[in-house]
Amino acid sequence: MAESNAVEIRDVVKVFGFGEFAFSAVDHASISIRKNEFFTLLGPSGCGKTTLLRLIAGFEFPTSGEIILNGEDIAAMPPFKRPINTVFQSYALFPHMTVADNIGFGLTMLGRPKQEVRDRVAAMLKLVRMEKLADRRTSQISGGQQQRVALARALAPQPKVLLLDEPLSALDYKLRKDMQIELKRLQAETGITFIFVTHDQEEALTMSDRIAVMSAGKILQVDTPRAIYDAPTDRFVADFIGETNFLRGRIGSVSGGIAQVETPMAGRISATLPPDFVPDGEVTVVLRPEHACLWLPNDSAPCQTTGTLENIVYFGTDTHYHVRLQDGETQFMLREQNKPLQRQRFSVGDQVGIMFEENAARVLRN
Amino acid sequence: MARRFSVQRQRGFTTIAITCFFALYLPIVVLVFYAFNSADSLSSFQGVSLRWFARAFENQQVVDASLRSLQIAAVAATVATVAATMAALATTRTEPYRGLTLKYAFINQPLMVPEIVTAVALLIFFARIKIWTGYTGLGYLIAAHTAFCVPFAYLPIRARLENMDSTLEKAAADLYATPWKAFRYVTLPLLWPGILAGFMLAFVISLDDVVITEFVKSAGQDTLPTYMLGQIRRTITPEMNAISALFLLMSICVVIVFFVVNRKRV
Amino acid sequence: MTQPGANEAERSRDIRKRWLLSLPALLIVLAAATGPLLIVVLYSFLSPGPYGDVQWQPSMDGWIGVFLERDMFTETLSIADAHVSILIRSVMLSLVTTVVTLLFGFPTAYFIATRPERTRELWLLLITIPFWTNLLIRTFAVLQIIRNDGLINGVLMKLGLITRPIQMLFTDGAILTGMVYVYLPLMVLPVYANLEKLDFRLVEAAYDLYATPFRVLTRIIIPLAKPGLIAGSILVFIPALGAYVTPSILGGGKNLMLGNLIELQFGQGRNWPLGSALSITLMLIVTAALLFYVRNVGSQGSRHG
């Protein structure tokens, strides 16, 4: 089982500062990152994702815990001995060297023969489609090109693991979209494990095989993009990714992983429980806006609850409806995809019924 | 156990740096220490006393030389700072124009030539003028000091001006300020720390000068440094240490003021 | 304002105003620095007067005297050993001073640049104080340390390592020590100014790409700090070559450098043309060093970055 893991992070803690100023940037984090995986660390700025990346790279050392690579604890190993390379957010291209010298730097430092370095640099330039710019200074190429050089430089020594620290954040929207596809292609072609850090949930959802969501130094949930989106187990995860409705209620009965939750605003909701979770008293139920639909009262459908339509926001691809539920306090949001030449069925002030899709509601851990 | 890796660490650098700081300050500390020596010579330390400080203050030559140094430095630094401020205003925040590079070269020229060469040149030049005019006053020293103070005063003022946003004056002009009023109420207050830094740098450079003064001075025009140079070449008593200690104290005060003025950002 | 003619008139008025503003500074420098230098050039081609000064007779003797000497009796020319050896010693001592200050100054500047923000200012102040302190006083301080009854000999004798004081004063070693001491801050400050801007993410990137600490130093830090290292070297080399105070105090009048040799010609030597020619020689060496600097750093400064 351990053999299929590229990197294992075991109960890692990183504390900065001393005494009363001590601050845990990474707080008892444990993750197993599989071989050939595109793994993403996702979270807001200051959540510890970059610190965790720097711990793996070797620029920082954990206060406690282990970082296992190839069955060996590398937590205390300096970065120049780790078979791990990094694509820096600022690219960190050496300004006093050419593009080719930058790409060949790692191999030269490893003492590889000159001919091998030359061949490998040529192959890398081809891989990132930069053959023509080999002899340029790094200050003479565009941001997107610098990004490619940084990638080629980190891939050239064929590391076991490639770390990417928000590498796309400096690019404009269109270039970023292109590079997302490019990165997926490079990962597939090289078969190297990618550990990608970002605060951009869309980037994480579209590119990753698995995502770890972090907040305040803790790892909250590790799962596939679909599971993270559809089945968040944590309030922070549900809130950070996409838009969500939160409904508070009391546990009624539990059977087969499904809880009946009594809520003041929407009556009894059947919601799926997170694995290995024993609910107790008050819980929060979460439901994505597109996992519910609106009915007019005369549509005689089995409605979960009713309310007053307060606001309609048109978004092109879809329309958002804001409904004040019957308790008079909770605002519930729904999203419906727009169809061509659809007549508007609802108007503000309408009394409407809301139907939940089956198995869509979930109970959160906190 | 080997020390932990750190990105910034280079083996031995801290040791060398600490050694350098120690070596820089040890002679100065010893110098000051012996200024408080009660013995007649520097060969041994026999107890703490202020007698050599008292001796320095009673020494008319020292008092005269100190006053002369301050007088020259005050006049030279003031004139140099005014000229340098005007020159800085004339050479910054503009499209390059013909003669701009020449101006830079001229203003900074005293920095590019070894002091001894300037000293010799002034000796020759002023010797001629002394013969022609018969004037042998302090004017020569003041002129010489002013000239080599100009680039020192110019550098911080120019640096300050270059970091200043020229749209501020345009905004002032937009709000009906005449060019003079814009200068008086916008440029000058913002430039002030630079001017002060330039003045202090010029003042200290003038006060410290030995070589040019040594060559330009007429008989009886010793400044404190040239007086000290003359004494060091003869016999040395702790009186020299006492004078040096006072000089050092003044320099340190000026540096700290300079540091504070220069670090403040608008 | 929209007409190009009006714009041009305004611009030329602006330039005229700028010339007027810079006139005082230019006149001061011209009158009491640059102008007299031209007179030195003129004097180097005249004959010496009997009591100093010059006679208005063109002569190459001043320049010949820089490298050659005329035998008093036979009138034959031979290499002026004294002058040439002083010239060579001056250049050598200045070069060694530059190298030693570089070897000590670079790690010191690096040390300051890598301190945390709060303490960095303090270390910087500690290097700035000697920089601003009178060079004469600092030389005097070194004198007191290396005298026969100074601190070093005193400590060595107390420890019983020596029975008689070592003669350190009035040697080339004393001059070298003194010059390294007084010029070290001149090296540290420009190197620091450069290292302060060093992007340590580049250092991280090099470590990430398997460079050892030594390789990071030689392949990344030193190449990136090169403009500062060259600036510091020039700032030390130029005053060291023209040094007058330090060699005359620590060399004791026997171990001369170029600056003392020039002074001699205007004092006891009474050979102003020779002194002038020696001064111009010194200036030419300095100009060569400055040109080297402009070639190596000036071009990098204008590079797009």
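Numbers restart at 1 for each chain; the letters A, B, ... are given by sequence-line order, proteins then strands.
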Hey, what do you get for CZ (C:Arg18) to OG1 (B:Thr94), rounding to the nearest 0.5 Å? 4.0 Å
So, the part of C:Ile262 with a heavy atom under 4.5 Å from chain B: the answer is side chain
What one should report as the nearest heavy-atom pair of B:Tyr34 and C:Gln144 is CB-OE1, 4.4 Å
Rounding to 0.5 Å, atoms CZ (C:Phe140) and CG (B:Leu229) come to a distance of 11.5 Å
At a heavy-atom distance under 4.5 Å, which candidate from B:Met240, B:Glu214, B:His145 has the highest pair count against chain C? B:Met240
Identify which part of C:Gln265 has an atom lying under 4.5 Å from any heavy atom of chain B, answering side chain, backbone, both or neither. neither
Is there side-chain contact between B:Cys20 and C:Leu184, with at least one heavy-atom pair below 4.5 Å? yes
Residues 280-289 of chain C vs chain B, non-hydrogen distance cutoff under 4.5 Å, contacting residues -> C:Leu282, C:Met283, C:Val286
Contact origin within C:Leu125 toward chain B - heavy atom pairs under 4.5 Å: both
Between B:Ala127 and chain C, with a heavy-atom cut-off of 4.5 Å, which part of the residue counts as in contact: side chain, backbone, both or neither? side chain
Counting heavy-atom pairs under 4.5 Å with chain C, which one of B:Ile212, B:Ile18, B:Leu201, B:Ile252 comes out on top? B:Leu201
At a heavy-atom distance under 4.5 Å, which candidate from B:Thr15, B:Thr85, B:Asn241 has the highest pair count against chain C? B:Asn241
Please report the shortest heavy-atom distance between C:Leu21 and B:Met86, naming the atom on each side. O-CB, 3.1 Å
Among C:Asp149, C:Ile238, C:Thr139, C:Val203, residue most engaged with chain B (heavy-atom pairs, under 4.5 Å): C:Asp149
Within-4.5 Å side-chain heavy-atom neighbours: B:Arg128 and C:Asp53: yes
Suppose we screen for side-chain contact (heavy atoms from CB on, under 4.5 Å). Which residues come up paired with C:Leu256, at least two apart in sequence or across chains? C:Ile86, C:Asn260, C:Leu264
Between B:Val7 and chain C, which part of the residue has a heavy atom less than 4.5 Å away: side chain, backbone, both or neither? both
Is atom CZ of B:Phe33 surrounded by more than 12 heavy atoms (other residues, nucleotides or ligands) closer than 6.0 Å? no
Can you measure from OG (C:Ser279) to CG (B:Leu123) and round to the nearest 0.5 angstrom? 10.0 Å
Given heavy-atom pairs under 4.5 angstrom as the criterion, report whether the side chain, backbone, both or neither of C:Ile145 touches chain B. side chain
Most contact-rich option vs chain C, by heavy-atom pairs under 4.5 angstrom, among B:Thr118, B:Asp209, B:Leu248, B:Ile256, is B:Leu248
Using the side-chain contact (heavy atoms from CB on, under 4.5 Å) rule, take B:Phe13 and C:Leu217 through it: C-alpha gap first, then chi angles, then the decisive distance, then the call. CA-CA 11 Å; B:Phe13 274 30; C:Leu217 183 66; 3.8 Å; yes
Would you compute the distance between atom CZ of C:Phe111 and atom CD of B:Gln10 and round it to the nearest 0.5 angstrom? 14.0 Å
Would you call B:Val120 and C:Glu263 a side-chain contact if the rule is heavy atoms closer than 4.5 Å? no
Could you tell me which non-hydrogen atom of B:Val150 sits nearest to which non-hydrogen atom of C:Ala25, and how far apart they are? CG1-CB, 4.2 Å
Counting only non-hydrogen atoms closer than 4.5 Å, does B:Ile243 touch chain C with its backbone (N, CA, C, O), its side chain (CB onward), both, or neither? neither
Below 4.5 Å from any heavy atom of chain B, which atoms of C:Leu23 appear? Answer side chain, backbone, both or neither. neither
Answer with side chain, backbone, both or neither: which region of C:Tyr110 has an atom nearer than 4.5 Å to a non-hydrogen atom of chain B? side chain
Main-chain N/O of C:Ser12 paired to B:Tyr97 side chain as donor or acceptor, under 3.5 Å: no
Could you pull out the closest heavy-atom pair between C:Pro107 and B:Ala17, with the gap in Å? O-CB, 4.2 Å
B:Thr92 portion near chain C, given a 4.5 angstrom heavy-atom threshold: backbone
Name the member of B:Ala144, B:Ala143, B:Ala119, B:Gly99 that forms the most heavy-atom pairs with chain C at distances under 4.5 Å. B:Gly99
Tell me, side chain or backbone of C:Phe104 under 4.5 Å from chain B's heavy atoms, or both, or neither? both
Quick check: do B:Val117 and C:Val40 have side-chain heavy atoms less than 4.5 Å from each other? no
Decide yes or no for C:Ile127 and B:Leu24: does some side-chain heavy atom of the first lie under 4.5 Å from some side-chain heavy atom of the second? yes
For the candidates C:Leu126, C:Leu27, C:Ile39, which exhibits the highest count of non-hydrogen atom pairs separated by less than 4.5 Å from chain B? C:Leu126
Would you please classify the geometry between the C:Trp132 ring and the B:Phe258 ring as parallel, tilted or perpendicular, with 30° and 60° separating the classes? tilted
Toward chain B, the part of C:Tyr181 with a non-hydrogen atom under 4.5 Å: both
Measure distances from C:Ile112 to the heavy atoms of chain B and classify the residue's part below 4.5 Å as side chain, backbone, both or neither. side chain
Quick one: what part of C:Ala113 sits under 4.5 Å from any heavy atom of chain B, side chain, backbone, both or neither? neither
I'd like to know which of B:Val216, B:Val32, B:Val254, B:Ile232 tops the heavy-atom pair count under 4.5 Å against chain C. B:Ile232
Considering only heavy atoms, which portion of B:Glu115 lies under 4.5 Å from any heavy atom of chain C: side chain, backbone, both, or neither? neither
Where does C:Leu37 contact chain B at under 4.5 Å (heavy atoms): side chain, backbone, both or neither? both
In Å, rounded to the nearest 0.5 Å, how long is the span from CZ of B:Phe247 to CG of C:Asn134? 4.5 Å
Under 4.5 Å from a heavy atom of chain C, the part of B:Val204 involved: side chain
CZ/C:Arg120: more than 12 non-hydrogen atoms of other groups inside 6.0 Å: yes
So with a 6.0 Å cut-off around NZ of B:Lys130, is the heavy-atom count from everything else above 12? yes
Would you call the rings of B:Phe21 and C:Trp123 parallel, tilted or perpendicular if under 30° counts as parallel and over 60° as perpendicular? tilted
Within this structure, what is the CD1-CD1 distance for the pair B:Ile28 and C:Ile137, rounded to the nearest 0.5 Å? 9.0 Å
Residue B:Leu89 versus chain C: region with a heavy atom under 4.5 Å: both
B:Phe125 and C:Ala31: which non-hydrogen atoms are nearest, and at how many Å? CE2-O, 3.3 Å
Heavy-atom distance under 4.5 Å to chain C: side chain of B:Phe215, backbone, both or neither? side chain
Provide the closest heavy-atom pair for C:Ser248 versus B:Arg233 in the form atom of the first, atom of the second, distance. OG-NH2, 3.6 Å
Any B:Asp208 side-chain heavy atom under 4.5 Å of C:Thr133 side chain: no
Side chain, backbone, both or neither: which part of C:Leu143 has a non-hydrogen atom closer than 4.5 Å to chain B? side chain
Could you look at B:Pro110 and say if it's the side chain, the backbone, both or neither that has a heavy atom under 4.5 Å from chain C? side chain
Heavy-atom contact with chain C under 4.5 Å, split by part of B:Leu249: neither
Looking at B:Trp132, I want to see if its CH2 is surrounded by more than 12 non-hydrogen atoms of other residues, nucleotides or ligands under 6.0 Å. no
